[in-house]
Amino acid sequence: MINIGAHLSISKGFTAAAKTAVAIDSNTFQYFPRNPRGGAIKKLDEEDVKGFFDTVKINNLSNILSHAPYTYNLSSNKEDVRRFARAAFREDLERLEFLPVNLYNLHPGSHTGNGIDIGIEYIVDMLNDIITDDITSTVLLETMSGKGSEIGSTFEELARIIDGVRQKDKMGVCMDSCHLFSAGYDIVNDLDGVLEEFDKVIGLDKLKGIHLNDSMKPFSENKDRHAGIGEGLIGLDPLISLITHPKLKRLPFYLETPFEVEGHKREIKLIKKIIWERGISFE
Ligand code: FE
Ligand code: FE
Ligand code: ZN
């Protein structure tokens, strides 16, 4: 069976989000642990957490992914921005210990003028500071589009970060199809080549999930604008090839397309229909 889900809101609680995942025929989902613009984290509700565990178990949900809010910048040149990111990131990871979630996706950071080397140093230091023995989750660095001073738009930069982290077994990567395309990795014409490159530089064993998006912006322009599946410049067939690639098909896929729940439901249905029509096995 294909592992697919969408980005869902937890504003009505974890249980409601997990039930929505089931209602749109998916077996995983991604969520922001707090308002994407930052802000305080809500206290955990005991009933909700219990309902979340139950819903996950009954429906066999897995690979649920917490996505760090966009406001965290581990490599900002401003100390107060880094201090906020550190505290919130650590709090998010601690919370996962109480939830049926053990994956945490992070945009590595933007160096905001300090340059890549100092930026990477800040990120590595913070990851080493935060990922202590009591944290059991895996932190996934997302492949970025490279807009502005974003770090992580090349596999080499991600590899340098992982290399610097002591607890490497708690580090992984989440590919984002829109970001790969806009960063200049040709997943349309040479997916095999891109995966070979990833394997050589980072190692495919580190790849733990994929954000499934089309791109509104052209190839290699370092612009980050997600489009619906088959509605952008990547196109439906290359995205299906990505989902069904022998080296990728067992991974969890998360839709981050610019739709609400109904739109994601439609996309999941479309993807499953094509896979079924083409007789592709996910066993
Ligand atoms: Fe992201
Ligand atoms: Fe993404
Ligand atoms: Zn994006």
Side-chain angles (χ1 to χ4, degrees), residues 3-10 26 28-38 63-76 85 88-89 92-93 96 101 103-110 123 127 137-155 157-158 161 171-185 187 194 198 202 206-229 231-234 238-239 242-243 248 251-260 263-264 267-268 271:
N3 281 299
I4 192 164
H7 186 100
L8 302 175
S9 164
I10 56 160
S26 54
T28 188
F29 69 98
Q30 170 183 278
Y31 67 93
F32 287 130
R34 64 182 86 206
N35 187 304
R37 303 273 154 238
N63 298 299
I64 298 166
L65 175 60
S66 176
H67 187 314
Y70 301 135
T71 38
Y72 300 6
N73 185 3
L74 278 59
S75 55
S76 171
F89 180 14
D92 291 347
L93 284 184
L96 295 191
V101 180
L103 293 171
Y104 189 87
N105 180 84
L106 181 76
H107 294 182
S110 294
I123 295 165
L127 287 167
S137 293
T138 304
V139 174
L140 308 184
L141 302 174
E142 182 166 348
T143 63
M144 303 310 293
S145 63
K147 67 173 188 292
S149 64
E150 234 167 37
I151 295 170
S153 63
T154 67
F155 298 158
E157 287 168 13
L158 296 175
I161 297 170
M171 293 299 298
V173 173
C174 180
M175 279 182 169
D176 182 306
S177 53
C178 166
H179 299 174
L180 284 176
F181 183 75
S182 56
Y185 287 104
I187 56 170
V194 172
F198 186 94
I202 300 176
K206 281 274 174 257
L207 185 59
K208 306 294 183 194
I210 298 188
H211 286 163
L212 195 61
N213 306 305
D214 212 324
S215 175
M216 278 187 200
K217 297 288 182 180
F219 179 66
S220 203
E221 283 197 356
N222 303 108
K223 300 253 169 62
D224 182 1
R225 289 285 300 283
H226 300 188
I229 300 306
E231 295 175 8
L233 296 167
I234 298 175
L239 288 172
L242 185 86
I243 301 166
L248 305 179
L251 293 168
F253 294 89
Y254 310 89
L255 292 162
E256 292 178 320
T257 48
F259 300 119
E260 301 293 319
H264 289 139
E267 290 183 314
I268 289 166
I271 289 165

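Positions are given from 1, in the same order as the sequence printed here. All ligand and atom numbering here is 1-based and tracks the order in the structure. Keep in mind that this is a model prediction, so the values were computed, not measured.
- Between the His226 side chain and the Glu256 main chain, a donor and an acceptor come within less than 3.5 Å of each other.
- Under the side-chain hydrogen bond (donor to acceptor under 3.5 Å, both in side chains) criterion, Thr138 pairs with no residue at all, not counting sequence neighbours.
- Asp224 contributes atom OD1 as its closest N/O/S atom to the Zn ion (ligand 3).
- The nearest N, O or S atom of Asp176 is not closer to the Zn ion (ligand 3) than 2.8 Å.
- A donor and an acceptor atom, one from each side chain of Ser220 and Asn222, are nowhere located under 3.5 Å apart.
- Pairing each heavy atom of Phe181 with each of Ser215, the nearest pair is CD2-CB, 3.7 Å.
- Listed by chain and residue number, Phe32, His67, His107 satisfy the ring-ring contact (aromatic ring centres under 6.0 Å, His included) test with Tyr70 (two or more places apart in sequence, or in another chain).
- Proximity of a side-chain donor or acceptor of His179 to a complementary backbone N or O of Asp224 within less than 3.5 Å is not detected.
- In this structure Thr143 satisfies the side-chain hydrogen bond (donor to acceptor under 3.5 Å, both in side chains) test with no other residue, sequence neighbours excluded.
- Sorted by chain and number, the protein atoms of type N, O or S within less than 2.8 Å of the Fe ion (ligand 2) are Glu142 OE2, Asp176 OD2, His211 ND1, Glu256 OE1.
- In summary, His179 places an N/O/S atom under 2.8 Å from the Zn ion (ligand 3), meeting the contact criterion.
- Within the 2.8 Å limit, His211 places no N, O or S atom next to the Zn ion (ligand 3).
- Between Phe155 and Tyr185, the gap from one ring centroid to the other is short of 6.0 Å.
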